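The structure appears right after this line, and notes come after that.
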Amino acid sequence: VQLQASGGGLVQAGGSLRLSCVASGRTFSNYHMGWFRQTPGKAREFVMRIGRNSGSTYYADSVKGRFTISRDNAKSTVYLQMNSLRPEDTATYYCAADGPPYTINSNYRNPDGYDYWGQGTQVTVSS
């Protein structure tokens with residue numbers, strides 16, 4: 001599956017952005033979807049994950065209450081709504097797809113648990 005992320009940009013602290021990730025090439029509803037982020041010199045960090053049919057969502061503690069993940073299977077798109085942004089949210093954000101055989105529940109925060117990755121979109125939050 002090919003993933004194309006978009007929606008990044010420059011925003012002031014306290015502002016909002018919505019990232020989108022469009023999938024193509026495979027049946028989107030067969031994939032659990034995740035968002036990760038990475039800053040230079042650091043490991044890729046789990047942000048959020050949503051189940052194939054939006055039945056379950058998982059959050060990193062750092063974004064709980066501020067970020068929301070959703071998906072539209074009819075549009076083969078997963079979204080990351082980011083509110084109350086902070087300078088420490090500055091990173092390149094990546095969407096990722098976990099397809100069959102699916103990663104075990106204990107591994108969903110690990111980038112190795114995902115099979116396909118988008119190209120990344122830069123989010124910069126100014127103070």
Side-chain angles (χ1 to χ4, degrees):
V1 62
Q2 291 79 46
L3 302 174
Q4 181 71 40
S6 63
L10 174 63
V11 64
Q12 289 188 332
S16 298
L17 282 174
R18 188 175 83 155
L19 306 184
S20 300
C21 175
V22 180
S24 61
R26 300 284 178 93
T27 302
F28 181 66
S29 59
N30 285 343
Y31 293 84
H32 304 302
M33 298 298 296
W35 285 97
F36 288 75
R37 64 188 182 186
Q38 190 171 22
T39 54
K42 293 190 176 181
R44 197 161 290 189
E45 175 191 22
F46 170 76
V47 178
M48 307 188 69
R49 173 182 168 100
I50 187 167
R52 292 181 295 142
N53 297 304
S54 304
S56 56
T57 56
Y58 302 89
Y59 301 79
D61 288 343
S62 59
V63 306
K64 193 170 185 178
R66 300 188 298 122
F67 291 11
T68 303
I69 191 170
S70 62
R71 65 189 294 162
D72 185 337
N73 285 347
K75 295 182 178 180
S76 298
T77 303
V78 61
Y79 304 97
L80 183 67
Q81 178 66 45
M82 305 185 295
N83 299 327
S84 301
L85 282 162
R86 305 168 180 169
E88 55 264 39
D89 295 317
T90 295
T92 301
Y93 283 71
Y94 298 89
C95 57
D98 170 21
Y102 303 110
T103 191
I104 59 176
N105 283 342
S106 61
N107 201 40
Y108 70 85
R109 295 174 179 267
N110 188 340
D112 292 340
Y114 296 79
D115 307 295
Y116 303 98
W117 291 85
Q119 85 288 4
T121 184
Q122 177 67 36
V123 172
T124 303
V125 184
S126 64
S127 57

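Note that the coordinates shown come from a computational prediction; the quantities given were computed from them, not determined experimentally. By convention here, the first residue in the shown sequence is residue 1.
Separation of atoms OG (S127) and CD (E88) is listed at 10.0 Å; rounding is to 0.5 Å. For the atom pair CD (Q38) and OG1 (T92), the distance works out to 7.5 Å, reported to the nearest 0.5 Å. Note: K42 NZ to R37 CZ = 9.5 Å, rounded to the nearest 0.5 Å. The OH atom of Y59 sits 8.0 Å away from atom CD1 of I69, with the distance rounded to the nearest 0.5 Å. Interatomic distance, L10 CG to Q122 CD, rounded to the nearest 0.5 Å: 9.5 Å. Interatomic distance, S76 OG to Q2 CD, rounded to the nearest 0.5 Å: 11.5 Å.
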> Where do R71 and N53 land on the side-chain contact (heavy atoms from CB on, under 4.5 Å) test, with the steps shown first?
Replying inline: CA-CA 8 Å; R71 65 189 294 162; N53 297 304; over 6 Å; no

> What do the steps show when you test D115 against D98 for side-chain contact (heavy atoms from CB on, under 4.5 Å), and what is the final call?
Replying inline: CA-CA 5 Å; D115 307 295; D98 170 21; 3.9 Å; yes

>> For L85 and L17: C-alpha separation, side-chain torsions, deciding distance, then whether side-chain contact (heavy atoms from CB on, under 4.5 Å) applies.
In response: CA-CA 8 Å; L85 282 162; L17 282 174; 4.2 Å; yes

>> Determine whether N83 and Q81 satisfy the following criterion, side-chain contact (heavy atoms from CB on, under 4.5 Å), listing intermediate values before the conclusion.
In response: CA-CA 7 Å; N83 299 327; Q81 178 66 45; 2.9 Å; yes

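The two residues C21 and L3 make their nearest non-hydrogen contact at SG-CB, 3.9 Å. The shortest heavy-atom contact between N107 and G113 is ND2-CA, 3.6 Å. The two atoms that bring N73 and S29 nearest to each other are ND2-CB, 3.6 Å, heavy atoms only. Across R66 and S84, no two heavy atoms sit closer than the pair NH1-O, 2.9 Å. The minimum heavy-atom distance linking T39 with A91 is given by the pair CG2-CB, 3.7 Å. Contact detail for V1 and A23: the closest heavy-atom pair is CG2-CB, 3.8 Å.
Between the side chain of H32 and the main chain of R52, a donor-acceptor pair closer than 3.5 Å is present. R49 places no side-chain N or O within 3.5 Å of a backbone atom of Y58 that could act as its donor or acceptor partner.
Relative to the ring axis of Y31, R26 does not place its NZ or CZ within 45° and under 6.0 Å from the centre.
Here the side chains of S20 and K75 are not in contact, with every heavy-atom distance at 4.5 Å or above. Counting heavy atoms from C-beta outward, N30 and Y102 have side chains that approach closer than 4.5 Å. No side-chain heavy atom of N110 sits under 4.5 Å from any side-chain heavy atom of T103.
M82 and F46 end up in different hydrophobic clusters when Ile, Leu, Val, Met, Phe, Trp and Tyr side chains are linked at under 4.5 Å. In this structure, Y114 is not a member of the same hydrophobic cluster as V22, with clusters built from ILVMFWY side-chain heavy atoms closer than 4.5 Å. Note on F28 and Y79: separate hydrophobic clusters, where clusters join Ile, Leu, Val, Met, Phe, Trp and Tyr whose side-chain heavy atoms are under 4.5 Å apart, directly or indirectly. Both V11 and V47 are members of a single hydrophobic cluster when ILVMFWY side chains are connected at heavy-atom separations under 4.5 Å.
Here the rule is ring-ring contact (aromatic ring centres under 6.0 Å, His included) with F36, and of Y94, Y108, Y93, W117 only W117 fits it.
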